[in-house]
Every structure is written in structure tokens, then in C-alpha cells.
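To start, the structure under review is shown below, and the notes come after it.
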Number of protein chains: 4
Amino acid sequence: MVGRSEESRQAILKSTLKLLGVGARGGTTIQKLSIEAIAKRAGVSKSTIYRWWDNKAAVVIDAFVTEYLTHTPVRDDVPFEQALREHVAAVVHQYAGVDGRLVAQLIAEAQYDPATLQEFHNRFWGGRRSAVEALIRRGVEEGVVRSDVEPGMIANLVYGPVYLRLLLGGGPLDDGFATELVELALDGIGVRSSALREPARR
Amino acid sequence: MVGRSEESRQAILKSTLKLLGVGARGGTTIQKLSIEAIAKRAGVSKSTIYRWWDNKAAVVIDAFVTEYLTHTPVRDDVPFEQALREHVAAVVHQYAGVDGRLVAQLIAEAQYDPATLQEFHNRFWGGRRSAVEALIRRGVEEGVVRSDVEPGMIANLVYGPVYLRLLLGGGPLDDGFATELVELALDGIGVRSSALREPARR
Amino acid sequence: MVGRSEESRQAILKSTLKLLGVGARGGTTIQKLSIEAIAKRAGVSKSTIYRWWDNKAAVVIDAFVTEYLTHTPVRDDVPFEQALREHVAAVVHQYAGVDGRLVAQLIAEAQYDPATLQEFHNRFWGGRRSAVEALIRRGVEEGVVRSDVEPGMIANLVYGPVYLRLLLGGGPLDDGFATELVELALDGIGVRSSALREPARR
Amino acid sequence: MVGRSEESRQAILKSTLKLLGVGARGGTTIQKLSIEAIAKRAGVSKSTIYRWWDNKAAVVIDAFVTEYLTHTPVRDDVPFEQALREHVAAVVHQYAGVDGRLVAQLIAEAQYDPATLQEFHNRFWGGRRSAVEALIRRGVEEGVVRSDVEPGMIANLVYGPVYLRLLLGGGPLDDGFATELVELALDGIGVRSSALREPARR
DNA sequence: CGATAAACGAGACGGTACGTCTGGTCTTGTG
DNA sequence: CACAAGACCAGACGTACCGTCTCGTTTATCG
């Protein structure tokens, strides 16, 4: 047995990112990115790519996760609310740039291929989610998060608006958005709760 | 001047929906749907399609909105909270079926073409949003919704999780989800507020 | 009855010639000339063209003959040999320019459409041919052309090489060619005849 | 390296000839022959054709020359005059059939594309021409052809009328035509020469 | 250390669909 | 009622990639 060429693998992933314009201005979309272009740029034959990846999306997600992804870790050395605010701000900030476009396009691809969705979960989204869910469980323990709703649902409430704005626009992905989102999620939209909490924070 | 053939237009839109499998089991994805297939099925020449629509997504969105869309109206004859619950339940229910797949794929296409995103806003998403924002304004007037956050942001908080689940899965789109979502949005995830409200509702 | 619009007819024929680049440098080939382009340039609708001409070639030949063709008349006030030399020189000269390309392309079109060939005969080639045949009959009467071969065949011998060079190249269409051609046609390629005649001409 | 598939090449050329109706009655013209039709009939993809040939004419000329062309060789074991007569008769005979139509259409295509003209010269016409020119040089050596005119010009005189009749009609391409043509070319149209030679041949 | 089996580059192949173009027909007002 | 305007069907064009498939040619263990 000889085994896979690490050299080729690297070249392919690097080329993919370059073609997608990560870190630069230009760049194609995932849709227009072609396996042939990757192969040519990587100095690799098409068969080598098809041997190790199932489709374009698999290559892209691999490139994205392995080579590039800036992490947005969840701190566990600060109180729940601060950790949440910082995390949401970090996520929103990351998505405001090129990463956002890429993640959006990955989600787009995932609409057409369950395997891509699966990979997206396994290698990217799953990690984030469980970090946040852990944080939420900590919040429950700290007594600042309600315990009658499962953490996954709560994570949804926080991430949902971020992805909605990422995918459909309708406003900027900036710190103001992050702040307002966390506040709203914490207190709810109902008038009574906010009326109660607001003085407590000022 | 002679003008556009309404007959052709109808045939094209109908064929598009049929090919997408709306109302039936089979069906392609938008990605695999081809202009050539639409033309063939509609008994129309390709140029006729290209004459009136810019790209595939434009045809699909036109077909979707014009011919098909089930409305999920927002009632104004019941109290705010009931109207919100019913609307969210209706939306969630609609997205659980074929419509959901189509909307998801439209959003996917919108990631690659600003014009498609625009159309999505103009002809579909915008309507929903403004209906909900009006509802929220009513809630503010009724004194049950906080007035310190713009309605758009609040709409985001409600719709975000729905679209997140539609696009990334992670749980069913069912009545339970709808109920839990509305409750969470109203009260927030913070423990104090929920502790206060909960007794009041039981 | 209102009858055909002479104005349109003129505009169509003029436009055809312009588009073919007659009298100018640029110009398309007949093959690439499109009815639509003619219609647009003439400010006329396509149907008007199709109403009066069967196809593109018919328009072109009409334009060519009616509006443009420089005549290369056969003189009858000079001896046979001189008249022949002058005519051949004129023809060769005409074909060396834009006319040549057009005639060549008309012949090309005629290979695909018998009607075009017919028109080419009726309106262009037939006239030339019969003029030359008349000249040859005069030569026979003058006693300088053999009488045992039909004039058409002799015309062939003279015109054939001209068209061959026009269509397939292989040398310039210039005065030298014309002179040599006439001489060769008159005397033949056989050595004895030329040996006899040559001294007589020097 | 794997290299070109001879199988496909054969299939393409054969199909081209079949579609052109070579050897059969029906058949299209080169103009109406489409690359798509060739591909379909050959069980080959369009890209394979475009990979190896520049355009339709290139395929046709390749098919014609490689697979089909009946040779009309020039004998060198008989006296000049006999060899010439036989060759002209063979050419005329060949052109009277389907080959003639094809050659005529190739010449038509050559009017629109210099590359086609070049190929026509390189692979078909050039061969014939040089064979005849060689024959003429032999005639000069044998002392039966005049030496004061270049062989190419003489070849023109012989071939010109054949192609003229092929392209523009005006009479049959038969043995009578061939015989008369050679006689005329040899002796010229002038009366004195023919008067001299005629007795010598009877 | 030399055999051997994999991974590799190169790239041809059958396909599908693209978006553009032209041809020729048909329809509907307008002058 | 001839015309302009131009929509329409039909279908070929040449291009771009797809994913599969030979081919030799490295190359790195393992017998």
C-alpha cells in the first residue's frame, strides 16, 4: 500500500480556497467553482479529486473547515451572559466578511445534497451548536437561564436571526445587531418582562 | 405592437411547477431543473423563456408566487398573542411540506444571484415580513409588546429559528416547535422573566 | 390594390449592398448576411422581405444585378481578337476586386439552391455568355475562329480558367493572366500550332 | 497518454459521408449537414468532434479525402496525349456523379473560409494539379506541348472548363465534353492551327 | 533490494445544458 | 391592405463541465 498523497490533498484544498477568493477580493462562488478549475490550479488530475471526495461541496467544506475556519470559541471563564454576548458578537463579526458568503453558499449547497448538509453539521455547525448548548446548560446551572426548554431550542433562538440576516439580508451584521439580538433573546419581546429587567440593568 | 402571449406564459409557469413536483411526489430540485426541460414540457421555444425571464430562478419565483403560493394570513380580529401563534403555526406547517423545500431552494439560489434575492424579497418575503411587523406594532399598541425595539428585529427573532430549522434541519417543523418558539420569543430565555410570567398563564 | 412599395424595395437592396460592404472595405459574406440585419438597416419588417423574395440569395442577386453591376461590354467595332482580349481583361479586372468575392459567393450559394443558380444564369451569367458567343460567331465569320466547335464550348474554354482562379485562387487575377489566357486559348497548348503562329505575331 | 480514439474518428467520418448521401440517393447538402446530426449518428458526443476538427467543412473534407475519394490517376505508361485524354475523361466522369455535388459544395464552403480553401488545396486539388502539371512537363519533354507557358497555366486551361460546368451547369459532364475539351485545349480555338492539325489526325 | 500495487497526471470520452443566434411563420395594429 | 413591429417555434451553434474511463509513470512499503 502506498497511501494518499498529502501533497496533493494540500494543493487541492489550498487551490479551492484561492479560487473561492478567501482572503482576497475576487473569487468565484461555490456554484461556479468547477472541479476542473481546482484540478488545473492544483496541478492535479481530476481523478485524484474524485477519488477522495464525493463532490464539489465535500471539497469546499473540507477546505473551509481544515484550512481556514477562524474559531469563535465560547469562553467558560466569565459569567454566562458575558460569554453569550461575546460569542454572538464574534459569530456576527465573522459572518460579516468573506466567511459569511462562504457559509451562506455552503448552506445553499446543502439544500441540494443531504450529504453536504450532514458534513456541514458534522464538521462545522455541530461544533458551534454544542458549544452554545453547553453554555446554556451552564446558564441554567447558574440560575440565569430558564430550565423548562431544551438547550437546542434556545440555541435556535439565538442563531436563527443571525443566519436569517446572513442569508436574506435586511440589515447589517454588526455589533449593534448582536447586542440587540442577545438582549431580545434574554428578555423576550413581551412588555412585562422587559419592564422588569430593564431597571435591573441600568 | 402585438404583445406577449399569455398562453405561453401560463404554460411555462405551469410546467415549471410540474417539473418541480409541486403537488406531487417526484420532482426535481431547482438546481437540476433546466430551461430546456421547461421549454420542452411547455411546448415553447427556449427563446420565449429567455425573452421574458433573466434566468431560471426568475421563472421559478414567478411560478411559485403567481400560481401557487398558499397564503398564511395574519389575523387582525383576535388578540396579538393568538394572531402570532396562529401565524407562526401556519408558516411552520406550510414549510413542513413541499413548499418548504421550494422556499429553501429559492433561498439557496438567492445566495448566488442578488436579483433573485431581490425578487424573493419583493414578491414573497417582503409581504410576510410587513404583515408580521404590522402585527407587532399592534402588539405594542395593545401594550403587550415592548416598544424599545424596532418591529423588524422582532420579526427576525420569530422567523429566524423557523428558517434555521427549514434550512439546516435539526428537528421537526411541527406544532410543538411553533408553540415553543412563540413562547420563548415572548418571554425570553432569561429565568427571571419566565418565572414571573409562567404562573400568570397557568 | 396598393401595390408594392418601391421605396421599401430600394431600401432593402441598398441595405443589402451596404451590408455586403460593396464599395467599402468591411462587409460581411453572403453566408453571414442575415435577413434580420437587412430588415433592421432598411427600416423594414422581415415579412416585407419574405413577401417579395424567396430567400437571402434572391435578395442578394437582385441587389447585385439591379443596383450595382459594372458592365463589361463586348465591343463590336474592333477585330475579333482585340475585342476578345479587351473583354477578358475587363472581366479579370472586375473579378479581382470586391465584385469577385461577391460573384464567388453567389456561385457558392447557387450550389445549394437551384433557383439561385437559375437567377444567376438569367440575370448575370447568361448575358455575358451570349455576348461572348456572339463575338465568337463573329470570329468564325471573320475566319479567325474554327467553325467545328459550338460557341458555348469555346466560351467555356475562355471563362473556365477565370472562374477557376476566382474560386480556388492559385494565382493573381491580373492583366498578365488575361493575356496569357487568351493567347493560350487561341493557339492551344500543342507545340506545332504555337510554333506556326508565333513567328506570325512577332 | 491515451490518445485519440480511432474508433470515434472512423464513426464520425463514415457518418458524415452517409448523411451527405455519398453512395446513396438521398443525402443532405453540406450546408444543411449539422455537427449535431453527425454526432448523433456516429454515437459520439459533440465535444469529440469539436475537439478534433475546427468546423463542419474540416470534417467533410476529411471524410471526403480519407474515406472516399476515388482516385483518377494520371498514367505515365502511355503517350502524353492519351494520358491527358484519359485523365480528363476520368475526372469528368467522377464529377458527373455524387462526387461532383460534393466537390462543388466544398468549393462553395471554401468561398467563406480560407482554412477550408487551404485544406481543399492541400488534400485534394493540390494533388490533382501537380499530377497534371507533371504530365504537362512530360508533354513538353516529348515535344508535343509548348514550352513557353508554365504548366500551372496549362492545367488551368484544362481544368477550368470542367469546374465551370460542374459549378454553373450549362451542359452535361460526359465523354463528349471531355473529348471536345481536350481537343480544343490542344489545338486552340484559332482557325489556322486547327486547319493544320486536323488532317494529321484523320 | 527489488517486486508490486496503489495512487497519480494526463486527458479522451459520452453527455447535458447553457445562452445566443437565425430562419421562417404568424399575429396584431396603423396609415 | 401593405406594412412595421415583433412574438413565436424550431433547432443548430460552439462552450463549459460533468463524472467515468483508460492509460502509462512514479513511489513507497513489504516480502
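The structure displayed is predicted, hence computed values, not measured ones. Just so we're on the same page: letters track the sequence lines, and every chain starts at 1.
- In this structure, D/R4 satisfies the cation-pi test against D/W52, with its NZ or CZ atom closer than 6.0 Å to the six-membered ring centre and inside 45 degrees of the ring normal.
- The side-chain heavy atoms of C/T66 and C/R123, taken from C-beta on, include a pair separated by under 4.5 Å.
- In this structure a side-chain-to-backbone donor-acceptor pair under 3.5 Å is present from A/K56 to A/Q31.
- Note on D/W53: nothing from the nucleic acid sits closer than 4.0 angstrom, heavy atoms only.
- Inter-residue side-chain proximity for B/S45 and B/T48 is flagged as met; some heavy-atom pair is nearer than 4.5 Å.
- The 12-atom threshold is not exceeded at CG of D/D54, counting heavy atoms of other residues, nucleotides or ligands nearer than 6.0 Å.
- Using a 4.5 Å heavy-atom cutoff, the side chains of B/V103 and B/F120 are in contact.
- Residues B/I12 and B/T16 have side chains in contact (heavy-atom distance under 4.5 Å, counting atoms from C-beta outward).
- Taking atom CZ of residue C/R9 and atom C1' of nucleotide F/dA2, one finds them 16 Å apart after rounding to whole Å.
- Between A/S5 and D/S8, the one whose closest nucleotide on DNA chain E sits nearer the 5' end is A/S5.
- F/dA5 atom C1' lies 18 Å from atom CD1 of C/I38, rounded to whole Å.
- A side-chain donor from one of B/Q10 and B/E6 sits under 3.5 Å from a side-chain acceptor of the other.
- Taking only side-chain nitrogens and oxygens, C/R51 never comes nearer than 4.0 Å to OP1 or OP2 of F/dA2.
- Closest contact between the side chain of B/T48 and the listed nucleotides E/dC8, F/dC8, E/dG9 involves F/dC8.
- Rounded to an integer number of Å, the gap from A/E7 CD to F/dT27 C1' is 12 Å.
- The interatomic distance linking B/I12 (CD1) with F/dC8 (P) rounds to 8 Å, in whole Å.
- Here E/dA12 presents its P atom at 16 Å from CD1 of D/I49, a figure rounded to the nearest Å.
- Across the interface with DNA chain E, nearest-nucleotide mapping of C/N55 and D/W52 shows D/W52 to be the residue nearer the 5′ end.
- Within the 3.5 Å criterion, the main-chain N or O of B/I35 finds no donor-acceptor partner in the side chain of B/K46.
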Protein and nucleotides 20-23 of chain E: nitrogen or oxygen contacts under 3.5 angstrom:
unit_1, atom_1, unit_2, atom_2, d
E/dG23, OP2, C/I35, N, 3.2

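- Shown for residues 57-65 of chain A: no residue has heavy atoms falling under 4.0 angstrom of DNA chain F.
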